[in-house]
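Presented below is the structure to which this report refers.
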Amino acid sequence: MLLRPTLRAALIAIALRFALPALADAELDGARARWKSAAIGTYEYGYNKYCDCHRESPPETVVTVRDGTVTGVRHRPVGTTVEVPAADKNLQYYWTVDGLFELIASALARGVQVRAAYDADLGFPREIYIDYDTNLIGDELDLRMTAVTRL
């Protein structure tokens, strides 16, 4: 029996909806395994967080991680050489690389829109885009790594 083109397209769309999270999980798992095998416990990473308030040129945020704990954060506003440290009381709001993996895994488990790209060698997330509700504006998380440096 031949299926009508629209029915066939609908069935393909449904199949992809269930297959893509499994593929994304496999990609996430592979990246996590690469990061773990790199055994980098003390490092800094930088990222730009794109949002409505910084559409074109967001400041770079640099996170220092020692033995799996965020120990320092500083911001580098665009166009200056001045670094602005985050208050110690706010360090809890920043992620380790393992925390970024958990963020991605949690969003995938919730079934929200997730796009992530991973470093081919070390596995850390290079880009993370999460849209928690496609009907809302401003709830998206858009991070792009600038560097990861072993300390």
Side-chain angles (χ1 to χ4, degrees), residues 4-36 38 40 43-65 68-149:
R4 292 185 183 152
T6 54
L7 180 57
R8 186 174 338 135
L11 290 174
I12 290 170
I14 290 169
L16 284 175
R17 169 118 167 94
F18 290 103
L20 289 178
L23 293 173
D25 288 344
E27 188 177 9
L28 172 62
D29 292 343
R32 232 186 238 191
R34 288 192 307 279
W35 176 252
K36 186 175 181 173
I40 303 174
Y43 57 92
E44 281 188 341
Y45 75 91
Y47 67 86
N48 296 110
K49 181 179 178 184
Y50 291 81
C51 61
D52 286 338
C53 54
H54 299 292
R55 288 180 190 215
E56 303 302 320
S57 55
E60 180 182 26
T61 298
V62 179
V63 179
T64 303
V65 177
T69 302
V70 174
T71 59
V73 174
R74 58 194 192 278
H75 305 282
R76 295 178 179 157
V78 174
T80 72
T81 57
V82 175
E83 291 187 340
V84 180
D88 288 344
K89 68 180 182 176
N90 294 328
L91 297 182
Q92 65 182 330
Y93 300 112
Y94 296 89
W95 304 279
T96 63
V97 169
D98 289 322
L100 292 172
F101 285 127
E102 289 302 318
L103 180 71
I104 295 166
S106 173
L108 288 168
R110 289 176 59 183
V112 300
Q113 182 182 10
V114 178
R115 289 190 311 266
Y118 305 96
D119 184 76
D121 297 324
L122 298 178
F124 62 86
R126 284 201 165 283
E127 297 181 11
I128 302 170
Y129 178 84
I130 301 172
D131 188 352
Y132 292 98
D133 187 337
T134 56
N135 294 318
L136 293 178
I137 295 173
D139 70 316
E140 305 86 0
L141 177 66
D142 188 356
L143 301 179
R144 299 173 201 171
M145 295 288 208
T146 57
V148 173
T149 306

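- For the pair Thr80 (side chain) and Pro77 (backbone), a donor-acceptor distance under 3.5 Å is present.
- Separation of atoms CG (Asn48) and CD (Glu60) is listed at 6.0 Å; rounding is to 0.5 Å.
- Across Val97 and Pro125, no two heavy atoms sit closer than the pair CG1-CD, 4.0 Å.
- Taking CD of Gln113 as the reference point, atom CG of Leu108 lies at 11.5 Å (rounded to 0.5 Å).
- For residues 110-122, every residue pair satisfying the salt bridge (Lys or Arg N to Asp or Glu O under 4.0 Å) rule, not counting sequence neighbours, is listed here: Asp119-Arg126.
- Judged as a side chain to side chain donor-acceptor pair (under 3.5 Å), and not counting sequence neighbours, Asn90 has no contacts.
- Distance check: Glu102 CD to Leu28 CG gives 8.5 Å after rounding to the nearest 0.5 Å.
- Here the side chain of Arg34 pairs a donor or acceptor atom with the backbone of Ala120 at under 3.5 angstrom.
- Closest approach of Ala107 and Val114 over heavy atoms only: CB-CG2, 3.5 Å.
- Between atom CD1 of residue Ile128 and atom NZ of residue Lys49 there is a gap of 11.5 Å, rounded to the nearest 0.5 Å.
- With hydrogens and angles disregarded, no donor-acceptor distance shorter than 3.5 Å links the side chain of Asp142 to the backbone of Tyr129.
- Counting heavy-atom neighbours within 6.0 Å of Leu136 CG, excluding the residue itself, gives a total above 12.
- Across all non-hydrogen atoms, the minimal contact from Arg32 to Ala105 is NH2-CB, 3.5 Å.
- Residues Ile130 and Val112 approach most closely at CG2-CG2, 3.9 Å, considering heavy atoms.
- You'll find the side chain of Ile104 reaches within 4.5 Å of the side chain of Tyr118, heavy atoms only.
- Interatomic distance, Tyr47 OH to Phe124 CZ, rounded to the nearest 0.5 Å: 15.0 Å.
- Identified under the salt bridge (Lys or Arg N to Asp or Glu O under 4.0 Å) test for residues 77-87, with sequence neighbours left out: Arg74-Glu83, Arg76-Glu83.
- In terms of heavy-atom proximity, Gln92 sits nearest to Lys89 at NE2-O, 3.5 Å.
- With rounding to the nearest 0.5 angstrom, the OG1 atom of Thr61 is 9.5 Å from the CH2 atom of Trp95.
- A donor-acceptor pair is defined here as one N or O able to donate and one able to accept, closer than 3.5 Å; no such pair exists between the side chain of Thr96 and the backbone of Gly68.
- In this structure, the ring of Trp35 has its center less than 6.0 angstrom from the ring center of Tyr43.
- Thr64 and Glu44 are linked by a side-chain donor-acceptor pair at a separation below 3.5 angstrom, with hydrogens and angles left out of the test.
- Between Leu143 and Leu100, the shortest heavy-atom distance links the atoms CD1-CD2, 4.0 Å.
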